[in-house]
Amino acid sequence: MTKLGLIARGKAVKIFSYKEQRILKLFRKKVSDATVEFEVSLTSYVQDMINEVENTIDITEVNGRKGIVFEKVAGSHHAT
């Protein structure tokens, strides 16, 4: 697995640099799959409206925690 570099942390997530030009928004184990899927849907909706929002690349799992892989956008904040 790619080594992760912590960028930021929030109440329910940690944000890591992930591969080249990607970031990983990794949710805590207590966060439901439905919440992760809602986040993906919401991001896609906003992306359609505003071109400066990061594209969702994939949903993944790391050590039993769900995560969303995004393209890296300069100046973007993902912590919640």
Side-chain angles (χ1 to χ4, degrees):
M1 170 169 190
T2 303
K3 184 172 177 159
L4 303 176
L6 184 66
I7 295 172
R9 71 178 73 219
K11 195 177 206 180
V13 299
K14 288 185 179 177
I15 309 299
F16 298 92
S17 57
Y18 182 74
K19 301 183 180 180
E20 189 161 333
Q21 297 303 311
R22 304 280 187 261
I23 62 166
L24 173 64
K25 185 174 189 175
L26 193 60
F27 294 84
R28 302 206 189 279
K29 286 185 179 181
K30 66 181 179 181
V31 175
S32 70
D33 291 351
T35 298
V36 175
E37 292 170 15
F38 176 75
E39 176 97 16
V40 170
S41 296
L42 185 60
T43 302
S44 296
Y45 175 77
V46 173
Q47 175 63 35
D48 289 343
M49 311 273 296
I50 304 170
N51 200 22
E52 296 174 4
V53 176
E54 65 283 341
N55 285 320
T56 303
I57 304 298
D58 197 11
I59 296 176
T60 190
E61 190 169 314
V62 177
N63 296 329
R65 295 168 60 184
K66 292 286 186 179
I68 305 172
V69 179
F70 292 97
E71 71 175 336
K72 193 173 200 174
V73 176
S76 150
H77 298 283
H78 299 267
T80 57

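Positions are given from 1, in the same order as the sequence printed here.
Atom-to-atom distance recorded for Asp33:CG and Phe27:CZ is 10.5 Å, nearest 0.5 angstrom. Here the CZ atom belonging to Arg65 is positioned 11.0 Å from the NZ atom belonging to Lys30, to the nearest 0.5 angstrom. Here Ile59 contributes atom CD1 and Lys25 contributes atom NZ; the two are 12.0 Å apart, rounded to the nearest 0.5 Å. Atoms CD1 and CD1, on Ile68 and Ile57 in that order, are 11.5 Å from each other to the nearest 0.5 Å. Separation of atoms OG1 (Thr35) and CG (Leu42) is listed at 12.0 Å; rounding is to 0.5 Å.
Counting all heavy atoms, side chain and backbone alike, Leu6 lies closest to Lys14 at CD1-CB, 4.0 Å.
Proximity of Phe70 to Thr43: side-chain heavy atoms (C-beta onward) are separated by under 4.5 Å at one or more points.
Within the 3.5 Å criterion, the main-chain N or O of Lys11 finds a donor-acceptor partner in the side chain of Arg28.
Under the salt bridge (Lys or Arg N to Asp or Glu O under 4.0 Å) criterion, Lys66 pairs with Glu61, sequence neighbours left out.
Checking Thr60, Ile15, Ile7 one by one against Leu24, the side chain to side chain contact (heavy atoms under 4.5 Å, CB included) holds for a single residue, Thr60.
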